[in-house]
Amino acid sequence: MKILIVGGVAGGASAAARLRRISEQHEIILFEKGEHISFANCGLPYYVGDVIREKEHLLVQTPEAMSRRFNLDIRIFNEVTAIDAANKELEVVDLRAGRTYRESYDKLILSPGALPIKPAVPGLDSSPVFTMRNIPDTYAIKDFIDTRHPGKAIVVGGGFIGIELAENLAERGLKVTVIEMANQVMGPIDFEMAAFVHQHLKDKGIEVYLNDGITSVRTVGTSTLVTLKSQVQLKTDMIVLGIGVTPDNKLAQSAGLALGERGGIKVDQHLKTSNPDIYAVGDAIEVMDYVNGNPTQIPLAGPANKQGRIAANHICQIADEYAGTQGTSVLKVFDLTVSSTGNNEKTLKRFGIPYQKSYTHSLSHAGYYRGATPISLKLLFSPTDGKILGAQAVGHAGVEKRIDVIATSIRAGMTVHDLEKLELSYAPPYSSAKDPVNMAGYVAANIVKRDCQVIHWDEISQLDPAKSLLIDVRTPAEFHLGTIEGAINIPLDDLRSRMAEIPKNKEVILFCQVGLRGYLAYRILIQNGYQYIRNLSGGYKTYSITTEEQSNRGIFDAAE
């Protein structure tokens with residue numbers, strides 16, 4: 001069988017290697033229009049930041065080494081420009097020889113990846129503007145910094161690449177401004193979790209503009225002047241676009257393959273396209289969301305690797321199916337870790353999926369052992385049976401470990417009640433007897449069982465003071481450091497003796513710092529005849545982080 005693969009990196013390279021492991025007889029040709037077939041694209045920002053210092057460390061496999069080990073015909077600098085699906089042939093341009101030729105196939109795997117989004121903004125093409133999608137992009141940014149020594153950089157977009165670039169540019173000594181059109185960075189997580197990231201970026205000296213975007217760019221002397229939608233003007237020495245990516249579907253269109261609403265190549269559970277002899281994997285395809293069952297696009301390296309393997313298996317008649325992507329991800333933001341899995345609240349709302357949510361702020365390990373830090377964890381689950389729909393976490397240590405446990409639980413179809421029962425490793429330097437995952441399960445299960453009615457941070461502003469009473473059950477010292485407007489202070493340990501101060505004809509909203517003392521107060525009151533009570537999930541910590549100013553516009557003088 002003659003199998004052609006268009007594009008390397010995660011999807012194409014893994015498909016090629018798997019095909020050869022299955023059969024020594026297949027003729028396998030891999031085409032790559034650039035020089036590199038397998039590189040650490042997730043590590044590119046860290047090369048800019050000098051964390052990864054050697055160029056060769058970015059290369060997972062060279063064409064020569066992979067060709068020799070797997071007996072592959074690897075053709076770099078060969079760009080596939082069209083697919084003749086009727087005759088099962090590719091049109092290929094040898095970029096070095098300057099000739100065009102055709103290559104036939106029995107089966108074809110497309111792994112063209114995605115293209116960085118570059119908005120149609122006047123002046124954006126004529127200024128020192130960079131994107132980061134491959135190794136040449138990365139070298140260009142690094143060389144510019146090393147030779148031109150810029151003082152300021154604007155990063156457009158607050159997604160994974162944008163935030164990683166902002167950190168690494170700042171580590172190189174640049175004054176960095178992040179401009180994001182949405183009201184938050186990091187789209188896969190919800191606003192209240194992104195709020196922790198906003199404050200951390202500000203603490204690290206990153207200038208953050210939210211709900212704003214670039215409208216024009218022009219050169220002024222040796223600097224670049226950027227005008228925003230808000231009419232603010234910023235001077236910078238370089239611009240890096242981290243807005244996101246769009247599927248590279250040109251070849252799919254030339255073959256008449258079916259595309260999804262957002263341009264991703266449609267595939268079935270075997271990664272087969274609408275043409276039975278053509279498969280597609282990686283960032284260019286539309287996948288099924290594992291949680292909600294709807295088509296989506298999730299450009300991540302892990303799923304692409306798995307898709308390449310599954311496509312190879314199916315071509316070789318080995319039973320295998322791709323069950324969908326749940327979008328498990330992790331991001332380093334200086335010394336903060338942000339991780340998520342499954343659906344966020346925005347997605348669940350968009351598809352009309354019923355859900356409930358809970359917030360916990362457990363310590364990363366036993367509090368009596370030095371160095372414990374909070375893990376802020378949001379859990380999304382079915383309000384009826386507690387099935388886990390998604391989770392997001394932010395903290396300094398142990399964050400990705402907890403999200404990985406929950407990601408596994410989602411894949412296993414588990415519920416919040418199962419999280420309560422999980423037996424996870426414990427020693428004081430690593431966790432607590434009740435792991436943060438267990439704690440999230442307990443809190444969520446209490447909500448499902450209606451052992452504790454909750455209210456969330458975004459509902460507080462809708463309360464009618466004439467019908468509701470806010471009670472802060474923290475200590476007087478904590479209360480005086482800051483509380484929710486209109487709240488009275490009745491410390492938890494005084495609650496029983498001061499119960500006469502709490503009316504039974506009003507709804508009582510209880511809150512503490514993170515939710516635990518509020519829950520204990522709830523259980524006391526509910527057993528003393530109070531019926532209209534709710535506890536603030538995540539406590540004052542969740543509420544206060546969301547009501548702080550999220551941006552820090554203007555911390556750099558535009559005229560500098």
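Along the sequence shown, residues carry numbers from 1.
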Going by atom types only, do T341 and Q326 share a side-chain donor-acceptor pair under 3.5 Å? yes
Is it true that the side chains of H456 and T542 contain a donor and an acceptor less than 3.5 Å apart? no
Walk me through whether E207 and K202 qualify under side-chain contact (heavy atoms from CB on, under 4.5 Å). CA-CA 6 Å; E207 186 176 49; K202 290 159 62 175; over 6 Å; no
Please, which pairs that meet salt bridge (Lys or Arg N to Asp or Glu O under 4.0 Å) have at least one residue in residues 345-356, sequence neighbours excluded? D190-K346, E345-K349, E345-K357, E345-K378
With a 6.0 Å cut-off (strictly less than), is the heavy-atom count around [atom1] of [X], excluding the residue itself, greater than 12?
X    : atom1 : answer
E548 : CD    : yes
K118 : NZ    : yes
M181 : CE    : no

Test side-chain contact (heavy atoms from CB on, under 4.5 Å) on L201 and F334; report intermediate values, then the result. CA-CA 8 Å; L201 289 171; F334 295 94; 4.3 Å; yes
Which residues pass the salt bridge (Lys or Arg N to Asp or Glu O under 4.0 Å) test with [X], not counting sequence neighbours?
X    : result
D335 : K204
E167 : K332
D143 : none

Sequence neighbours left out, what pairs pass ring-ring contact (aromatic ring centres under 6.0 Å, His included) with at least one residue falling in residues 200-219? H200-H396
Inter- and intrachain pairs under ring-ring contact (aromatic ring centres under 6.0 Å, His included), touching residues 111-145, at least two apart: Y47-Y139, F130-F144
Which pair of non-hydrogen atoms, one from P45 and one from E164, has the smallest distance, and what is that distance? CG-OE1, 3.5 Å
Is any side-chain heavy atom of I145 closer than 4.5 Å to one of V48? yes
Mind checking whether M238 and I154 have side chains closer than 4.5 Å, heavy atoms only? no
